[in-house]
Amino acid sequence: MARDSDLERDVVLLVLPLDDPHTDAALDAARRASGVGHPGLTRILDVDHDDERAWVTESFRGDDRSLAELATHGLPAEEVRRITGEVALVLEAARSRGLHHLAISPDSVFVGPDGSVRVRGLAVDAALAGVDEEGDEAAALDGAGVVALAYAGLTGSWPLQTSTSLPPAPRDATGVLPPSHLAVGVPSDLDTICRETLADDAGPSSPGDYAASVSPWSRTPVDDGAAQPLDDATSDDGAASHDGADASFADAPGPDDTQVIGVTPAAGAAAQEHRSTAVDSDDDEPTQAISRGATAPSDEPTQVVSAEGSDEPGAARTGRGAAAGAAAVSVAGALAGGGKVLGERVGRAAQRTRERAGEAAADRRAQREAIRSSESRDRVSLGSAGSQDDLEPPAPLLPADASEPPSREQSRVVVAIMALFVVVALVVGAVGVSKIGDNTDLSAIFGSDAQGADPVRPTQSSSTSRPSGGGNGARTSEPIPVIGAIGYDPNGDGAEHNSEAQRVYDDDLSTSWTTEGYESPNFGNKGGVGIVLDLGQARQVRSATLQLPQATTVQVFVGDEAGIAGTELGRSEGKNGSVTITGRSAARGQYVTIWFTTTVQGDDGRHRASLAEVVLR
């Protein structure tokens, strides 16, 4: 963290050595991320460098807390749904602008006091880590990252191999344990999506896919329904002081390897005494302890399993397994016998979650049944279709004698009426044809032999006869619409500030597309870079008007494919401002490539070319 002395505010400063191989990629990623104006992203305020180091300056809010910090203390399941849903929407908005995070973690997600969610490190963290994915693979990687965030919020552990401040998630022979094995009150849909993504590699295809799977969620922070760790639910919560139990007993220390697995039969005083005995015991016999805060008849024994003093392999694991099984049996017995304290503690969150999940599942089943019922009613097979004999006769619409053939007199009347209609139509048609061309001066169109002179032709203006770039004269026409644009770098990584490409046709001269910064004027011996405009379909292009902020050399190509293999419309050398390039004849194609072969050195010593606006006609 640093202090901005000019604006008197705290900022986050990411400082990188200039000779680091990932520095250039990180700076480029930061510049592109700064163009994504989304409230769910931390603002990038400055990207710069000097002779020894580079830095990225980001906004800072001191009262924000990272998801890693929040997950350590436990989060309600519905709050996890809300936070991860908001993160998924932020990443989906960035994906629509061609950017991906690729390195999301609980340390890069922050939640404000008002519940607002912000994501830090878009594209920059991945560039520093050397992660480079594009397209569907990048979208799926971000989708899996959001699922991992949900796992971390539910369990307080991190399931991926990347390093975070959270401890790694426990694993077994099949992989990462599902959230429902580590915490109670985990909703079935969140548990299922974590299982499918982390164990079966069949998760969401994009962040937007994840958001659709877990929606809807509350727009405000959720404070209840926490997914509690199983150890806490079966020991700490069930043994917490309740209904007048001794609070000091709940805080008393105990042996690290002693685990309570049953409901204590002793009252508060007896529990305190037995617990003190368990702490002070020095022999190797299994330690007996009394769980806290529960009351039952004193003549029923308490079952406790301890792994201390066992020399057999796997003894500790067996003890813990037996403890967990006995805990489940004891909890069920407490619930069946009316054990109000432990039963309510353990089952409260799970009951609420089951009710909500049950209601949602019932609604979905009802919708599916209604659709199936409607389809079955509308579907009729050939075998089940009724025959003509089963149909009732139609109700009579005409009198009975209507089926008899017409008389000779009726036939003559009908023929006469039809003949009258034909005569009227012929008369109207003849009158219309005779009036064609009455108000047309045919001599003005085809010329008059009597005049013996050529028709008058308009005089071309000398100022528009030869626009810059050559050609056979500019023709006044409507501009050709551009439906998309992308950077063109065939000799490099194929992309050239793609996120800025739409600025060349936004009718705003204050915005512009620029190339990346290069050490030499000739783009590092690439020969050139450019930008490709997509017209949607093949069009006739006669001229291109370019708004050039700096004097440079530029060529315009038109073709059916992006690149400089198409027809060259024309070129401009050493000019800036409004420059019109007109071909000697119209070029036809769907793609127009603006190709720069020279650059201009900026104040930072880097060489770039830029383009503010393009109008095609």
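- Atom-to-atom distance recorded for Leu166:CG and Glu69:CD is 10.5 Å, nearest 0.5 angstrom.
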_Steps toward side chain to side chain contact (heavy atoms under 4.5 Å, CB included) verdict (Arg82, Val117)_ = CA-CA 9 Å; Arg82 185 188 73 85; Val117 178; 4.3 Å; yes
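- One N or O on the side chain of Glu613 and one on the backbone of Asp507 form a donor-acceptor pair closer than 3.5 Å.
- Contact annotation: the side chain of Arg503 never approaches that of Leu611 to less than 4.5 Å [non-hydrogen atoms, C-beta and beyond].
- Within 6.0 Å of the CG atom in Asp136, the count of heavy atoms belonging to other residues, nucleotides or ligands does not exceed 12.
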*Worked check of side chain to side chain contact (heavy atoms under 4.5 Å, CB included) between Asp50 and Trp55*: CA-CA 9 Å; Asp50 56 17; Trp55 59 86; 3.8 Å; yes
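- One N or O on the side chain of Thr72 and one on the backbone of Ala68 form a donor-acceptor pair closer than 3.5 Å.
- Side chains of Trp158 and Leu149 form a contact here, defined as non-hydrogen atoms less than 4.5 Å apart.
- Side-chain contact check for Pro170 versus Leu182: some heavy-atom pair is nearer than 4.5 Å.
- The minimum heavy-atom distance linking Val558 with Gly589 is given by the pair CG1-N, 3.7 Å.
- Using a 4.5 Å heavy-atom cutoff, the side chains of Arg53 and Pro17 are not in contact.
- Between the NE2 atom in His100 and the CD atom in Glu92 there is a gap of 9.5 Å [rounded to 0.5 Å].
- No more than 12 heavy atoms of other residues, nucleotides or ligands shown are found within 6.0 angstrom of CD on Glu134.
- Checking side-chain atoms of Glu79 against main-chain N and O of Val222 turns up a donor-acceptor pair under 3.5 Å.
- Between Glu78 and Pro187, some side-chain heavy-atom pair lies under the 4.5 Å cut-off.
- A donor-acceptor contact shorter than 3.5 Å is absent between the side chain of Asp191 and the backbone of Pro178.
- Within the model, atoms CZ of Arg81 and OG of Ser215 stand 8.5 Å from one another, a figure rounded to the nearest 0.5 Å.
- Side-chain contact between Val90 and His101 is absent, with no heavy-atom pair separated by less than 4.5 Å.
- To the nearest 0.5 Å, atoms OH (Tyr505) and CD1 (Ile483) are separated by 8.5 Å.
- Val554 places a side-chain heavy atom less than 4.5 Å from the side chain of Ile594.
- Inspection of the Arg195 and Ser180 side chains reveals an N or O donor paired with an N or O acceptor under 3.5 Å.
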_Could you go through Leu67 and Leu75, starting from their C-alpha distance and side-chain angles, then the distance that decides it, and tell me whether this counts as side chain to side chain contact (heavy atoms under 4.5 Å, CB included)?_
CA-CA 9 Å; Leu67 179 59; Leu75 282 175; 3.6 Å; yes
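- The heavy-atom pair separating Val532 from Thr593 by the smallest distance is CG2-OG1, 3.8 Å.
- Between the CZ atom of Phe523 and the CG atom of Asn491 there is a distance of 11.0 Å, given to the nearest 0.5 Å.
- Judged by distance alone, the side chain of Thr155 and the main-chain N or O of Tyr151 form a donor-acceptor pair under 3.5 Å.
- In the model, Ser116 has a side-chain atom that pairs as donor or acceptor with a side-chain atom of Arg61 under 3.5 Å.
- For the residue pair Thr598 / Thr552, a side-chain donor-acceptor distance below 3.5 Å is found, with atom types taken as modelled.
- Here salt bridge (charged side-chain N to carboxylate O under 4.0 Å, His left out) pairs that include residues 108-125, with residues two or more places apart or in two chains, are Glu58-Arg120, Asp64-Arg118.
- Within the 4.5 Å cutoff, the side chain of Leu16 has heavy atoms near those of the Leu128 side chain.
- For Leu569 against Val541, the heavy-atom pair with the smallest separation is CD1-O, 3.6 Å.
- With respect to the salt-bridge test (charged N to carboxylate O, under 4.0 angstrom), the residues Glu516 and Arg606 do not qualify.
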*Verdict with supporting geometry, Val482 and Val614, side chain to side chain contact (heavy atoms under 4.5 Å, CB included)*: CA-CA 9 Å; Val482 178; Val614 177; over 6 Å; no
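- The shortest heavy-atom contact between His497 and Thr515 is CE1-O, 3.7 Å.
- Counting only distance, with no hydrogens or angles, the side chain of Ser157 and the backbone of Pro167 share no donor-acceptor pair below 3.5 Å.
- For Ser34, the side-chain contact (heavy atoms from CB on, under 4.5 Å) partners are Ile44, not counting sequence neighbours.
- Of all heavy-atom pairs between Glu496 and Tyr518, the closest is OE2-OH, 3.0 Å.
- Asn498 contributes a side-chain N or O that, together with a main-chain N or O of Gly487, makes up a donor-acceptor pair within less than 3.5 Å.
- Minimum heavy-atom separation, Ser213 to Asp189: O-OD2, 4.5 Å.
- Between Phe596 and Trp513, the ring planes are tilted. Angles from 30° to 60° get that label.
- Asp200 CG: more than 12 foreign heavy atoms inside a 6.0 Å radius.
- Atom CG of Leu102 sits about 8.5 Å away from atom CG of Leu122, to the nearest 0.5 Å.
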